[in-house]
Amino acid sequence: METIFDKSKSGRRSTYLNEDDLTSKKPSDELDGDLLRGEKPGLPEISQPELMRHFVELSKKNYGVDDGLYPLGSCTMKHNPKPNEDLAATEEFQDHHPLASPDLVQGNLRLMYELGELLKGVSGMDGITLQPSAGAHGELTGMLMIRKYHEVRDELERRTEILLPDSSHGTNPASAAVAGFDAVEIKSNDEGTVDIEGLKEATSEKTAGIMLTVPNTLGIFEKDILEVAEIVHDAGGLCYFDGANLNAFLGRVRPGDLGMDITHFNLHKTFSTPHGGGGPGAGPVGVKEKLLPYLPIPVVEKTGDGYSFDYDRPKSIGKVNSFPGAFGVLVKAYSYILSLGDEGLKRVSDNAVLNANYLKEKLKDPYKLDYEGVCKHEFVLNGSGMGEGIKTLDIAKRLLDYGYHPPTVYFPLIVKEALMIEPTETETKENLDEFTETMLKIAAEAMEDPELLHEAPTETPVGRLDETQAARNPVLRWTESE
Amino acid sequence: MDFIPHTEEDKREMLEEIGVSSIDELFSDIPDEVQVQGDIIGKDGKTEQELKQDVNKLARENVKPGDRVSLIGAGLYHHFIPSVVSHVTGRSEFYTAYTPYQAEISQGTLGWMFEFQTAISELMGMEIANASMYDGGSSAAEAVLMAQEYLDRRPIVVADNINPYYRDVIDTYLPDPDDEIIELSSKNGRINRDHLEQIINDNDDLAGLVVQTPNYFGIVEDLAGLKEALDDAFLIVSANPISLGLLQPPGEFGADIVVGEGQPLGNSVYFGGPLLGLFATKSDYLRYLPGRVSGKTVDDEGREGFVMALQTREQHIRRERATSNICTNQALNALAATVYLSSLGPDGLTALARINWDRAQYLADKLCRIEGVDLTWDQPFFNEFVLTVDADPELIWEKMKEEGIDLLHPKHLKRLGLDENLMIAVTEKVDKEDMDRFAELLEEEM
C-alpha cells in the first residue's frame with residue numbers, strides 16, 4: 001500500500017503561508033549554528049488534491065459506525081449524533097484558551113459545571129472531575145484518590161492490594177499497577193459473578209479497595225453487589241465501579257446507590273461521543289463525599305460571580321492532565337444528555353438491553369451460551385466446537401467478508417473462544433435479524449466448508465495479516481529505501 | 001430526541017422472542033431496593049432545533065474569540081488550521097471507527113498511524129514514535145516512568161523551567177515525587193549547567209533528566225553535551241513541534257525520549273482539550289514504549305498491510321504487567337496532525353517556524369523600546385518570551401483585556417517567583433497591526 005511518503009515529490013505543497021519580513025534579524029544571528037536545524041524534516045510534499053485523494057482512499061479502507069453494525073462488546077459502538085458534532089465545532093467552543101480570563105469564557109465553564117451536575121444525577125455520586133482523557137485515565141485517577149485516602153489515614157503502607165474479579169477489563173489491573181498497587185485476582189463463580197467466599201478470603205488489612213465492572217464483562221449484573229461493598233468497606237477498603245458498561249442501566253440503577261465510592265464514565269461509550277479510531281475520549285470520574293477533597297485540580301465551581309476554576313484544594317491528588325479536560329468531547333456528551341432528558345436516558349438502556357437479549361436468544365443455538373439468564377447490554381457466546389478446527393477468530397474474520405465489524409473476541413478470558421456482543425440501542429430489529437442470519441450462515445459454513453472460514457477474509461482490502469512478523473521484525477515507520 | 005429505531009410492534013415481537021412480557025422483566029435480576037425511583041437529572045428531552053438554540057446560546061456566553069487578540073501560549077498555541085484538516089477528520093469512516101482491533105477493515109486508521117509515526121519521528125529526529133498519548137504533560141510523565149522502568153532506577157532530574165503543568169502531572173504520576181524528583185535550577189533563563197553537573201556528581205543512580213525546549217518561558221535551551229554528561233541515564237526532552245521547523249531536533253543531541261504537546265499541529269486549543277501527546281524514542285527501547293503503534297507486515301498473499309504491533313506490551317494482553325495502562329488515546333487529533341504536517345510539508349513547516357520566530361522577534365524588539373519594558377533574560381527565544389515591566393502587571397493585564405487583547409494572567413508567573421513579569425506568545429495568527437496596537441497600549445501604561 002502506498003503511503004503519503006511514497007506519493008511525495010519535492011517541490012509540491014498543499015498549504016502556503018504569508019511570509020513577511022517584519023524583522024531584519026536572522027535566526028542565525030541569535031542562535032548558535034548547532035541549535036539550528038540542519039536538514040529539513042522529511043515530511044511529505046503533496047498537492048492539495050492529491051492529499052485529499054490519499055486520505056479519502058485511506059478512509060475507504062476503514063469501517064465506522066456510520067458504515068454498519070459494530071457489535072464490539074464493552075465498547076458501546078452506538079450512533080454518534082450529528083448535531084453534537086456541529087455544536088462542538090462552533091468557534092466560541094473551539095478557539096478559547098483554557099488560561100483565558102474566566103469572565104470571557106463563562107459559557108464553557110457553565111457547560112462544564114452543568115455536565116458535572118448531570119453526571120452526578122446519572123451516577124448518584126457527590127462530586128465530579130471532568131479532567132481524565134479516557135476510561136483507563138479515569139481508572140488511574142480513581143486509584144490515585146484511593147491511594148491518597150489511605151495515605152491521609154496513615155494506612156497506605158499496609159494497604160497495598162486492589163482486588164479484581166477475573167472478568168475485569170485489562171485496563172483495571174494495569175491502572176492499579178501504575179498507581180503502585182498489587183493486583184489480586186478474585187475468581188468468578190458458576191453464575192459469572194463475584195464469588196463471595198473467595199472475596200472474603202482475599203479481603204484483609206492489606207486491602208486498599210476493589211475494582212468492579214458492573215454489569216460485568218459477561219453482561220451479568222453483580223447481584224450481590226451490596227454485600228461485596230459491605231465486605232470491602234468492613235475491611236477498610238474502597239469500592240471502585242468501572243463505568244464502561246453504564247449503557248446497561250441508565251435511569252435504572254446508579255453506582256452511588258450500590259455502595260460504590262468512585263466511578264468513571266466513558267463519554268465515548270455511554271454518552272455517544274465518537275471513538276475517532278481510538279480516541280479522543282473522555283473519562284470523567286465521580287466520587288462520594290468522603291473523597292471530594294482528593295479530586296484533581298481544578299474543579300469547576302459556581303459562585304455568586306459566575307463560574308470559575310478552583311485550584312485551592314490542598315488535599316487534591318494534583319493534575320492528571322496539563323489542562324482541565326477534553327472540552328470538545330464534553331460539549332458532545334452534554335448535548336447528548338440534554339437531547340435525551342430523563343425519559344430518553346432510560347429508553348437508551350431499556351433498548352440496549354432489549355437488543356442484547358433479543359440477539360442472545362437468536363444466537364444461543366448453534367452458538368453456545370455458558371451463562372444463562374437475562375443479560376444486560378451485552379452477552380458472551382462460546383465459539384468452540386463450531387466445526388473442524390474452527391476458532392472464534394475464523395468466525396470473526398468470516399464476518400468481515402459479509403460486511404460486518406465482528407464482536408470483541410477472546411474476551412473475557414473466562415469463556416472459551418469468547419465472542420462478546422454488544423449491539424447497542426441504536427440498531428434496528430432488521431439489522432439484528434440480518435446479523436443473525438449471517439451468523440447462522442457462518443455456523444453452517446463452519447460445518448460444511450470450514451476452509452471458507454479458515455481463508456477468510458477474502459473480500460477486504462487485505463487478507464489476514466501476519467502479526468508474528470510485525471512483532472518479530474517491527475517496521476514502525478516509512479523509510480526511503482523500501 | 002433519541003436515536004432509537006424501535007416501533008411498538010418491533011418491541012412486542014422482540015419481547016415475545018425473548019419470552020418476557022415487558023422490558024422491566026429484563027431488569028428483574030436487579031434488587032428492587034437499589035432500582036431508581038423517579039428522575040435522575042430532572043430534564044425533558046430536546047428536539048435538534050431546541051438543542052441547538054440552547055447550546056449555541058451557551059456558546060455565546062463566551063466572548064467571540066475572533067473579535068479578540070490572544071497572546072496566551074503557555075503550552076497551547078493558536079495556529080492557523082488549513083481546511084483540509086477538518087475535511088479529512090470529518091470523514092465518518094475515520095471518526096466513527098473504534099481502535100483498529102480488526103486490521104483488515106482498519107487499514108485506513110492503521111495506515112495514517114504509520115504515517116503519523118513516521119512524520120513525528122522525522123520531526124523529532126528519532127527512530128520511532130507511538131500513535132499518541134493524552135497530552136504533553138502525560139507524555140512527559142510516561143517518559144519518566146519508562147526511564148525508571150528501563151533502568152530500574154528512581155531519581156529523576158526535572159528542570160524547573162519546564163511547563164509547570166507538565167511538572168504537576170509528573171508529580172501526580174509518581175508514587176513519591178518528593179523523594180524521586182531532583183529539581184534542576186535555571187540560570188539566566190536556561191538550565192543551570194553547574195547545578196546539573198553537581199547533581200550528576202552527587203547521584204550515581206539517576207534515571208534521567210527532563211528538559212524542555214523552547215522551555216516554558218519560550219527560551220531555546222542548548223541541548224549540546226547533555227546526553228554525554230548523563231551517560232546512560234535518559235535524556236528526556238519535551239519539544240514544541242512547530243519550533244522544530246527551525247531548531248535542531250532533540251534526536252540530534254542524543255535524546256533518549258522526545259515528548260511534546262502536539263496540539264499546535266492542526267488542532268484547536270479547544271479550551272484545553274482534546275490535546276495530543278507526542279512520544280518518540282529509540283528502537284532499542286521499543287519493548288518499553290507505552291501506547292499503541294502501527295506496524296507494517298504482509299497478509300497471507302504477500303500484500304503489504306498494517307497491524308497494531310507489539311500488543312504484548314499492552315494492558316489488554318499483559319494486564320498488570322503492561323508498560324502503561326493507556327488504551328484509548330488521541331487518534332483523531334493525531335490524524336489531524338498527520339494531515340497538517342503533510343499539508344505543510346518540509347518547506348511549509350520551515351516557513352511557519354520562521355514566521356513565528358520573526359513575529360516574536362518583531363514584537364519583542366518593539367516592546368523593549370518602551371521605557372520600563374525589558375526582556376527578562378537575554379536569551380534566544382522562539383515564539384514566546386517573558387518581559388520585566390516597571391508597572392503592576394495585573395493592571396496591564398486588566399487594561400489589555402478591556403482593549404480586547406488577552407494576556408496570560410500574571411498570577412501564573414507569580415507562582416514561579418516572577419512578580420513583575422508578562423509572558424507573551426506570538427504566532428502567525430497575530431498580525432503586525434495587532435502587535436503595533438499592543439505596543440502602543442503598553443506604552444500608555446508605562
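A note on names: the letters A, B, ... follow the listed sequences, proteins ahead of strands, and every chain is numbered from 1.
- Considering CG of A:D257 and CZ of A:R252, their distance stands at 14.5 Å, rounded to 0.5 Å.
- The contact between B:E48 and chain A is made entirely by side chain atoms (from C-beta outward), counting heavy-atom distances below 4.5 Å.
- For chain A, no part of B:D171 is nearby; none of its heavy atoms comes within less than 4.5 Å.
- With a 4.5 Å cut-off on non-hydrogen atoms, A:P457 touches chain B through its side chain but not through its backbone.
- For chain A, the nearby parts of B:H87 are the backbone and the side chain; heavy atoms of each come within less than 4.5 Å.
- The contact between A:L87 and chain B is made entirely by side chain atoms (from C-beta outward), counting heavy-atom distances below 4.5 Å.
- Looking at B:V20, neither its backbone nor its side chain comes within 4.5 Å of chain A, counting heavy atoms on both sides.
- Inspection of the A:H97 and B:S70 side chains reveals no N or O donor paired with an N or O acceptor under 3.5 Å.
- Contacts with chain B were tallied for A:P83, A:G38, A:A177; A:P83 has the most, counting heavy-atom pairs under 4.5 Å.
- With a 4.5 angstrom heavy-atom cutoff, B:E261 does not touch chain A via any of its atoms.
- With a threshold of 4.5 angstrom between heavy atoms, A:Y63 approaches chain B through its backbone and through its side chain.
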Self-check item: Test log, rule side-chain hydrogen bond (donor to acceptor under 3.5 Å, both in side chains), inputs B:D347 and B:T350
Solution: CA-CA 5 Å; B:D347 293 338; B:T350 305; 5.4 Å; no
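- Counting heavy-atom pairs closer than 4.5 Å to chain A, the top-ranked of the candidates B:L341, B:L26, B:D10, B:L310 is B:L26.
- For the options A:G279, A:G124, A:A282, A:S14, heavy-atom pairs under 4.5 Å to chain B are most numerous at A:G279.
- Chain A forms the most heavy-atom pairs under 4.5 Å with one residue out of B:F80, B:Y362, B:F94, and that residue is B:F94.
- Residue B:W357 touches chain A through its side chain alone, counting heavy-atom pairs closer than 4.5 Å.
- B:E104 and A:K397 are joined by a salt bridge, as a carboxylate oxygen and a charged side-chain nitrogen come within less than 4.0 angstrom of each other.
- Proximity to chain B (any heavy atom under 4.5 Å) is restricted, for A:N18, to the backbone atoms N, CA, C and O.
- In this structure, the portions of A:L476 lying under 4.5 Å from any heavy atom of chain B include both its backbone and its side chain.
- Take B:Y166 and apply the ring-ring contact (aromatic ring centres under 6.0 Å, His included) test, not counting sequence neighbours, and it matches no residue.
- One distance of note links CG of B:L349 with CG of B:L244; it measures 8.0 Å at 0.5 Å rounding.
- Only the backbone of A:E427 comes within less than 4.5 Å of a heavy atom in chain B; its side chain stays farther off.
- Separation of atoms CD1 (B:I355) and CG (A:L22) is listed at 9.5 Å; rounding is to 0.5 Å.
- Residue contact with chain B, scored on non-hydrogen atoms closer than 4.5 Å, involves the side chain of A:L226 exclusively.
- Only the side chain of A:N80 comes within contact range of chain B, with heavy atoms under 4.5 Å apart.
- Between B:F271 and A:F93, the ring center distance fails the sub-6.0 Å criterion.
- With hydrogens and angles disregarded, no donor-acceptor distance shorter than 3.5 Å links the side chain of A:S8 to the backbone of A:I4.
- Neither the backbone nor the side chain of A:Y16 comes within contact range of chain B; no heavy atoms are under 4.5 Å apart.
- No part of B:S86 comes within reach of chain A, as not one of its non-hydrogen atoms sits under 4.5 angstrom from that chain.
- If you measure heavy-atom distances from B:I105 to chain A, the contacts under 4.5 Å come from both the backbone and the side chain.
- At a cut-off of 3.5 Å, with distance as the only test, no side-chain donor of B:N56 or A:T90 sits close to an acceptor on the other residue.
- If you measure heavy-atom distances from A:I225 to chain B, you find no contacts under 4.5 Å at all.
- Only the side chain of A:L51 has a heavy atom closer than 4.5 Å to any heavy atom of chain B.
- Expressed to the nearest 0.5 Å, how far CG of B:L58 lies from CD of A:Q106 amounts to 10.5 Å.
- No other option in A:S133, A:S59, A:A136 has as many heavy-atom pairs under 4.5 Å with chain B as A:S59.
- Only the side chain of B:D365 comes within less than 4.5 Å of a heavy atom in chain A; its backbone stays farther off.
- With a 4.5 angstrom heavy-atom cutoff, B:I41 touches chain A via backbone and side-chain atoms both.
- Contact annotation for A:L35: both backbone and side-chain heavy atoms come within less than 4.5 Å of a heavy atom of chain B.
- Contact of A:P27 with chain B is made through backbone and side chain together, with heavy-atom distances under 4.5 Å.
- One finds the CZ atom of A:F249 at 6.5 Å from the CG atom of A:L258 (value rounded to the nearest 0.5 Å).
- Both the backbone and the side chain of A:L104 come within contact range of chain B, each with at least one heavy atom under 4.5 Å from a heavy atom of that chain.
- Looking at B:E428, neither its backbone nor its side chain comes within 4.5 Å of chain A, counting heavy atoms on both sides.
- Most heavy-atom pairs under 4.5 Å with chain B: of the set A:H169, A:E455, A:H405, A:Q48, this distinction falls to A:H405.
- Only the side chain of B:K401 has a heavy atom closer than 4.5 Å to any heavy atom of chain A.
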Quiz prompt | side-chain hydrogen bond (donor to acceptor under 3.5 Å, both in side chains) between A:T23 and B:Q361, worked out | solution = CA-CA 7 Å; A:T23 174; B:Q361 300 297 321; over 6 Å; no
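- Using a 4.5 Å cut-off between heavy atoms, B:R292 does not touch chain A at all.
- Your options are A:S322, A:P41, A:G318, and the one with the most heavy-atom pairs under 4.5 Å with chain B is A:S322.
- Taking the six-membered ring wherever Trp is involved, the centroid distance between the rings of B:Y165 and A:F323 falls below 6.0 Å.
- No side-chain donor-acceptor contact under 3.5 Å links B:Q35 to the backbone of B:P31.
- When the ring-ring contact (aromatic ring centres under 6.0 Å, His included) test is applied to A:H96, no partner is found at least two apart in sequence or on another chain.
- The 12-atom threshold is not exceeded at CD of A:E343, counting heavy atoms of other residues, nucleotides or ligands nearer than 6.0 Å.
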